[in-house]
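Positions are given from 1, in the same order as the sequence printed here.
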Amino acid sequence: MRRLSVILAVCLTLVCTGCASAASQPSGAATLTGGEASPPLTGSALLGDRAVSEIADSGIKVSDNTAEAETAANTTAPEIKGPESTAVGIKMPTDTATSANKAPTSTASRTEPPEIIASAGNPASPAAGKPIICIDAGHQGKGNNDKEPIAPGSKTMKPKVSSGTRGIATGKPEYKLTLEVALKLEKALADDYKVVMIRRSNEVNITNRERAIRCNNAEADLVLRIHADGSDNKSVQGMSFLYPSAKSRYTRDIAQESLAAAKVLSEAILRETAAKSKGLIPRDDLTGFNWSKVPSVLIEMGFMTNRKEDRLLSTPEYQDKIVKGIKAGLDLYFNPG
C-alpha cells in the first residue's frame, strides 16, 4: 500500500512538472509551418533577430519615411551660383536646383517668314512678346484693274487695287498721303510693337488680297489699313472707322475683336485730332477684310474732296496728331490696365 502511494506521488510530481513547463512557453510564440516553428516577431517592424542583423550588416538604414520627407522639405538646398555648379562634382544647370520653386515659363513664340521680318527693318532682333501690328498704307502709285476674288472661293470679282482718291486742294494722290502717315506710324510704334509694313514705296504692285495674306502670314495681332476718303459732296468731312462685318461668313471670326479695336482706336484718335466722327462702319464688301484671318481696322483719315480737310491732312502737325492718337489707342487696347 505504501509502495502504491509512493508510485502515485511520483506520477503526480511528473504531471505537475510538465504543466508548469508548458505554462512557461510564450503564448503564440510558435507556429507550425511545414513541421517547423517560425521565429518570434519582435519590435514594431516585425523583424526576426536574423533579419535585423543582416540589415545592420548591409549598412541599409531603416527609417520612418514620413519623418524623412518632412526633414527634406525643411532643408535648404545649397546655393548655386553661375550657370553651372560643380560643388559635388556634377555639372548641373542652374535652373535644375530651383525648378521645384519656379513657375513654368512659356516658350511659345511666333514664327515669321524671313521676308516679313526683313520688311520690318530689324531682322537681327525680332520683338519677341510685343504685339505685331501690320500697317497697310492704302493703294499704290499705279492702280491694277485686273480682277481677283472678293473672298476665298467667291465668284464675285473686284479690281485688285484701285488708284484711290486725290486732294481737291493739294492735288496729292491718296497713295502718297497714306504712305506719309504709315511711315510716321511705323517710327512711332517701333519701340513698343513689332511692325510689319506692307509697303514703304509707292512703286509697288500688291493686290488687296495679297496684302491681307501677308498680314495673315505675319500672324499680326492687328492690321491697320490707312486710307483717306472721297465724295462727290465736297462739304462732307470727318473720320470713319471700318471693320469686318459679323454678318459675313468670311469675317465673322474676326469681327468682334476688330470692332473692339476700332472702338478704342476711334476714341483715342478723335480725342487727339478733334476731328468730326462719321462712326464705326461694318463692311462685308472689302477684299482686304474678306481675306483677312486676323483682326483688322481701316481708318479713313478724312475727306480729300473737302478743301479744308484736304489741306489739314497734308500738314505734318495734323499727321502727327493722327499718329499719336493711333499709338495711344493701341497702347490702351493692348494694355487696358
Side-chain angles (χ1 to χ4, degrees), residues 106-113 115-117 119-120 126-139 147-162 182 185 189 192-199 206-227 239-269 278-300 326 329-337:
S106 174
T107 57
S109 61
R110 295 179 184 275
T111 303
E112 296 169 7
E115 66 271 19
I116 295 298
I117 295 177
S119 72
K130 297 180 180 180
I132 300 176
I133 307 299
C134 189
I135 301 177
D136 179 9
H139 308 285
K147 301 296 177 61
E148 66 182 357
I150 194 175
S154 175
K155 294 181 179 180
T156 302
M157 309 293 284
K158 284 185 68 175
K160 290 184 175 181
V161 55
S162 66
L185 181 58
L189 300 183
D192 300 315
Y193 299 87
K194 171 69 168 61
V195 179
V196 176
M197 295 291 287
I198 292 300
R199 67 181 183 96
I206 312 172
T207 75
N208 290 319
R209 171 180 171 273
E210 290 168 345
R211 292 168 190 242
I213 291 174
R214 290 190 185 190
C215 293
N216 294 342
N217 291 342
E219 297 183 357
D221 293 289
L222 184 64
V223 179
L224 292 179
R225 304 178 64 192
I226 309 299
H227 284 254
M239 287 190 177
S240 303
F241 301 87
L242 283 53
Y243 64 95
S245 172
K247 295 181 180 180
S248 169
R249 65 188 179 94
Y250 301 110
T251 58
R252 59 191 172 202
D253 290 342
I254 61 172
Q256 183 174 354
E257 195 170 347
S258 298
L259 173 58
K263 285 181 177 178
V264 176
L265 285 168
S266 65
E267 292 173 359
I269 297 169
K278 295 188 69 64
L280 305 172
I281 305 171
R283 295 287 292 270
D284 61 5
D285 60 334
L286 300 182
T287 305
F289 280 169
N290 291 336
W291 283 89
S292 184
K293 301 299 181 185
V294 294
S296 182
V297 176
L298 190 154
I299 302 172
E300 295 280 12
I326 294 175
L330 290 174
D331 290 347
L332 184 59
Y333 179 69
F334 286 105
N335 300 284

Would you indicate whether the side-chain heavy atoms of [Y] and [X] approach each other to under 4.5 Å?
{"X": "Pro159", "Y": "Lys147", "answer": "yes"}
{"X": "Leu224", "Y": "Leu330", "answer": "yes"}
{"X": "Met157", "Y": "Pro149", "answer": "yes"}
{"X": "Ser154", "Y": "Asn290", "answer": "no"}
{"X": "Val196", "Y": "Cys215", "answer": "no"}
{"X": "Lys130", "Y": "Leu189", "answer": "no"}
{"X": "Leu242", "Y": "Phe289", "answer": "yes"}

Pairwise distance [atom1]([X]) to [atom2]([Y]) - rounded to 0.5 angstrom:
{"X": "Tyr193", "Y": "Asp221", "atom1": "OH", "atom2": "CG", "answer": "10.0 Å"}
{"X": "Glu257", "Y": "Tyr333", "atom1": "CD", "atom2": "OH", "answer": "4.0 Å"}
{"X": "Asp253", "Y": "Ser258", "atom1": "CG", "atom2": "OG", "answer": "10.5 Å"}
{"X": "Ile326", "Y": "Leu265", "atom1": "CD1", "atom2": "CG", "answer": "7.0 Å"}
{"X": "Lys160", "Y": "Asn208", "atom1": "NZ", "atom2": "CG", "answer": "11.0 Å"}

Of the non-hydrogen atoms in [X] and [Y], which two are nearest, and what is the gap between them?
{"X": "Leu280", "Y": "Ser266", "value": "CD2-OG, 3.8 Å"}
{"X": "Ile198", "Y": "Cys134", "value": "CD1-SG, 3.7 Å"}
{"X": "Ala261", "Y": "Val297", "value": "CB-CG2, 4.1 Å"}
{"X": "Ala182", "Y": "Ile135", "value": "CB-CG2, 3.8 Å"}
{"X": "Lys278", "Y": "Ser240", "value": "CB-OG, 3.3 Å"}
{"X": "Leu222", "Y": "Ser296", "value": "CD1-N, 4.1 Å"}

statement: Checking Leu298, Thr251, Leu286, Leu259 against Tyr243 for side chain to side chain contact (heavy atoms under 4.5 Å, CB included), the one that qualifies is Leu259

Between [X] (side chain only) and [Y] (backbone N and O only), is there a donor and an acceptor less than 3.5 Å apart?
{"X": "Arg214", "Y": "Met197", "result": "no"}
{"X": "His139", "Y": "Val161", "result": "no"}
{"X": "Glu148", "Y": "Arg209", "result": "yes"}
{"X": "Lys158", "Y": "Asp285", "result": "yes"}
{"X": "Asn216", "Y": "Trp291", "result": "yes"}
{"X": "Arg211", "Y": "Ala137", "result": "yes"}

message: Counting neighbours of NZ on Lys263 that are heavy atoms of other residues, nucleotides or ligands and sit closer than 6.0 Å, is the number greater than 12?
response: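 For Lys263, atom NZ is not crowded (no more than 12 foreign heavy atoms under 6.0 Å).
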
task: Go through the steps for Phe334 and Asp192 under the test side chain to side chain contact (heavy atoms under 4.5 Å, CB included), then give the verdict.
output: CA-CA 11 Å; Phe334 286 105; Asp192 300 315; over 6 Å; no

